[in-house]
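To start, the structure itself, in structure tokens.
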Amino acid sequence: MVEERLTVPKFRDDCLVTKGIDVKDLVGVRKEALLYVHPCTSERGKLMADIELTKETDSRFLDSEKLCSLLRIHRHRFSDLRCSENLGVAKLRWGGRDISIFRNGKIKIQQARDREEILRVANAVSRLIWAAVVCNVCGEPVINCASGECGKCLLPEQTTVEVSGIAGSELLQQGHAALQGLEGLIPQEYESRLQRARFLALHFAIETPRKEDAVLGLLLLAKAEKMKR
Ligand SMILES: [Zn+2]
Ligand SMILES: [Zn+2]
């Protein structure tokens, strides 16, 4: 049974669930400061770029533990993944590019073809790590805002969203379907359904173009987290 409408909670305006994350927005605001592009040292004709998702580079922009657990959800889409919770650094190889993600909100992309590709990859990475970004309202990773666990960001109101017109909505619908009828499943099957829902949630959040829609992926991810046994 495919749900065409979703009932979703609302959040404070200043919570990062509501504000969303979008590199194109950021670059539109502070072009030079956000994107440093150089030729790659390792491969001729390719570009590398440093992107800063925040101005305060000494801050704890990301929760390292959540970062590593998010990246593990998408493990099989990366040809290599190393993530250190202690150092707050993740390195991965994704679609032929080397990507480093730092706790302070810095992203390094290597072996990109052109500027447009850099922006596209940076945007995908920012969606991938969104759930691990620390919310300014409560000081917790935004996944805890989305699940209501932080106790500060979730509002009592709800709203309904028509999902059928949203790009990539089939991922979202499959994800919600994976979380249905879990009663009575043996632990491995239960866990593998949660993992499928998490994967689809994140996949949707990365692929759907509008950040206003991407929040539905974050909320599905939070729903799966809450169902963890
Ligand atoms: Zn929040
Ligand atoms: Zn919160």
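Whatever order the structure lists ligands and atoms in, that order sets their numbers, starting from 1.
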*Determine if the SG-SG distance between C145 and C150 falls under 2.5 Å.*
no
*Check whether any N, O or S atom of C145, backbone or side chain, sits closer than 2.8 Å to the Zn ion (ligand 1).*
yes
*asked:* Using every non-hydrogen atom in the two residues, find where F61 and I21 come nearest and quote the distance to one decimal.
replied: CZ-CD1, 4.4 Å
*Got a sec: is C15 within less than 2.8 Å of the Zn ion (ligand 2) via an N/O/S atom?*
no
*In chain order, what residues pass the side chain to side chain donor-acceptor pair (under 3.5 Å) check against R75, with sequence neighbours excluded?*
none
*Which atom pair, heavy atoms only, marks the closest approach of K211 to K19?*
NZ-O, 3.2 Å
*asked:* Report whether any nitrogen, oxygen or sulfur of C135 sits less than 2.8 Å from the Zn ion (ligand 2) (N, O or S, backbone or side chain).
replied: no
